[in-house]
Amino acid sequence: MVLEATMICIDNSEWMRNGDYIPSRFQAQSDAVNLICGAKTQANPENTVGILTMAGKGVRVLATPTSDLGKILACMHGLEMGGEANIAAGIQVAQLALKHRQNKHQQQRIIIFAGSPVKYDKKALETIGKKLKKNSVALDIVDFGEEDDDKPEKLEALLAAVNANDSSHIVHVPSSANALSDVLISTPVFTGDGEGGSGFVAAAAAAAASGGDTGFDFGVDPNIDPELALALRVSLEEERARQEAAAKRAAEETSRQEKGEEPSSNAEDATMEEHVNVTAPEDIKKVTEEMVSGSGHSGGDVEMSEASAEDQELALALQMSMQEGTSDQSVASKVLEDQAFVASVLASLPGVDPNDPSVKDLIASLQSQSEATTGMWVTDECKNSFHEMKWKKVHRYIVFKIDEGSKLVTVDKVGGPGEGYDELAASLPTDDCRYAVFDFDFVTVDNCRKSKIFFIAWSPTASRIRAKMLYATSKDGLRRVLDGIHYEVQATDPTEMGFDVIKDRAK
């Protein structure tokens, strides 16, 4: 049996919203990744698999190589789509994660899902491929999605540069009635040159033969492989319980800090230990430190990039991925205590004189009431409505308002799929502030259907100064919760948020 450590690079770019694969590019890719992870971990109990994304907020390591299938599957949920996939950076970060694998006897493999255009030229990709070959890293490429004229040629050049003893493979998967995972089942990408996990392969093949609709969790029939099905379910439940416990401890610590209490040492130690396990595994910490310092043991591996500037960029990408918190609504410092921030907000508000005594009294009142705290006013209804608009397309727009009595951001109005931008603009009051999000669908010049989400900060001149201050200081907290916004528009009158403005920003 092959002993292997694998890093899978996921394409979560804007192109993954396309529906030319069943049920969508991104979901088809997720199903294929889940099956590959199961096959790899079942082929050998000591095999490990890691996951990283190549777009969105940049290259992010979601899971370093691990044999815990539940942890791998859990990290795939709720991924953000947007931007362009950076294949070069994704490969280099994946190679660095593999370099610091715990078991040095494991062979190294990277699997790239390329569902969007490749912006790098052949020469740059060949250079990366040669470095992978020098480091004895095998590479599997799944080419699907966008069909640029030179994309297959570029990926073939990358494969030719890295391939040694036919250990690397490429699969071109055109859009068709068959699911992406069904096509990959019979390829070496899935089976590992015929040595994939037999139980998982049999279950996946049975699922493919039945059209992919098995009705079983993870696509695994408990009657075929009961141990695998039970292990998958138990692992996922353990991962969920662990994350819920970590979030609960974080909330308790936040509550203590708000009350001015000193956190207990045991609780603090437990929280810190959980945070390290979730967001900053030791091997990734070592990767980051060695990339910045340029040090590290050789272990037979060659440095992926000779340029220190590239190392620092990759280190920054890893650092950002490690520092992602476990909660989207973590409490930040009181923004009104930042005098520079207050001055910038006042300067941006039309018709507001910062030297007006009434304005100064209002700021002092807000500070004393501790009303302007970032990221703690947003209700679950706001998040759920936004997710329904983003993923299920059941809303065309959502209008949010601040309830000054309860100090919460709530949903004021939602627009159904049949409503448009005119209905959104008409729903905004002329004498009060609001937030709004709008899902703008359009077709590009190359006949590709896309969707962009706009965030609108509506602050009309006729609204109260207090409302302008509250909405201006609370905006970042709401934006942080609404993950997946592409553009922001600030408007004080209808002309600043006209439909032409939206169309021009989306180009």
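As a basis for the values below, the full set of heavy atoms in this structure was taken, side chains included, without hydrogen atoms, waters or symmetry mates. The chain is numbered in sequence order, starting from 1.
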Which label fits Phe144 and Phe113: parallel for a plane angle under 30°, tilted from 30 to 60°, or perpendicular past 60°?
perpendicular
Where do [X] and [Y] come nearest, in terms of heavy atoms and distance?
X: Lys154; Y: Lys119; answer: NZ-C, 4.2 Å
X: Val411; Y: Ser385; answer: CG2-OG, 3.9 Å
X: Val378; Y: Cys382; answer: CG1-CB, 3.6 Å
X: Val59; Y: Ala89; answer: CG2-CB, 3.7 Å
X: Asp439; Y: Met389; answer: OD2-O, 3.9 Å
X: Ser451; Y: His486; answer: O-CE1, 3.9 Å

Are any of the side-chain heavy atoms of [X] and [Y] separated by less than 4.5 Å?
X: Ile36; Y: Ile8; result: yes
X: Arg109; Y: Val137; result: no
X: Leu428; Y: Pro460; result: no
X: Leu184; Y: Leu35; result: no
X: Lys450; Y: Arg17; result: no
X: Pro65; Y: Val49; result: no
X: Lys468; Y: Ser459; result: yes
X: Tyr471; Y: Val409; result: no

Apply side-chain contact (heavy atoms from CB on, under 4.5 Å) to Arg25 and Asp20, showing your working.
CA-CA 7 Å; Arg25 282 190 191 177; Asp20 52 352; 2.8 Å; yes
Looking at [X] and [Y], would you say the former's side chain and the latter's main chain have a donor-acceptor pair under 3.5 Å?
X: Trp458; Y: Pro429; value: yes
X: Asp143; Y: Val171; value: no
X: Arg505; Y: Glu488; value: yes

Any residue meeting side chain to side chain contact (heavy atoms under 4.5 Å, CB included) with Ala457, in chain and number order, not counting sequence neighbours
Phe455, Lys475, Gln490
Residue pair Gln29, Met16: steps toward the side-chain contact (heavy atoms from CB on, under 4.5 Å) verdict
CA-CA 9 Å; Gln29 176 185 225; Met16 293 300 100; 4.0 Å; yes
Are Phe438 and Tyr397 close enough that their ring centers fall under 6.0 Å?
no
Going by distance alone, is a donor N or O of one side chain under 3.5 Å from an acceptor N or O of the other, for Ser13 and Asp11?
yes
Side-chain donor-acceptor pair under 3.5 Å between Tyr120 and Asn86, yes or no?
yes
Answer yes when [X] and [Y] have at least one side-chain N-carboxylate O distance shorter than 4.0 Å, and no when they do not.
X: Glu388; Y: Lys393; answer: no
X: Lys401; Y: Asp403; answer: no
X: Asp380; Y: Lys383; answer: yes

Separation between [atom1] of [X] and [atom2] of [Y], rounded to the nearest 0.5 Å:
X: Leu408; Y: Glu381; atom1: CG; atom2: CD; answer: 10.5 Å
X: Asn12; Y: Met54; atom1: CG; atom2: CE; answer: 7.5 Å
X: Glu423; Y: Lys413; atom1: CD; atom2: NZ; answer: 7.5 Å
X: Asp31; Y: Leu180; atom1: CG; atom2: CG; answer: 8.5 Å
X: Ile485; Y: Ile456; atom1: CD1; atom2: CD1; answer: 10.5 Å
X: Ile398; Y: Phe386; atom1: CD1; atom2: CZ; answer: 7.0 Å

What verdict does the side-chain contact (heavy atoms from CB on, under 4.5 Å) test give for Ile10 and Leu52, after you've listed the backbone C-alpha separation in whole Å, the side-chain angles of each residue and the deciding distance to 0.1 Å?
CA-CA 6 Å; Ile10 298 175; Leu52 66 80; over 6 Å; no
As a quick check of understanding, evaluate salt bridge (Lys or Arg N to Asp or Glu O under 4.0 Å) for Lys503 and Asp500, giving each step before the final call.
CA-CA 5 Å; Lys503 291 192 294 184; Asp500 290 340; 3.7 Å; yes
Pair Arg464, Glu404 - check salt bridge (Lys or Arg N to Asp or Glu O under 4.0 Å), show working.
CA-CA 13 Å; Arg464 296 170 298 127; Glu404 296 185 21; 2.8 Å; yes
Apply side-chain contact (heavy atoms from CB on, under 4.5 Å) to Thr6 and Ile111, showing your working.
CA-CA 7 Å; Thr6 305; Ile111 300 178; 3.9 Å; yes
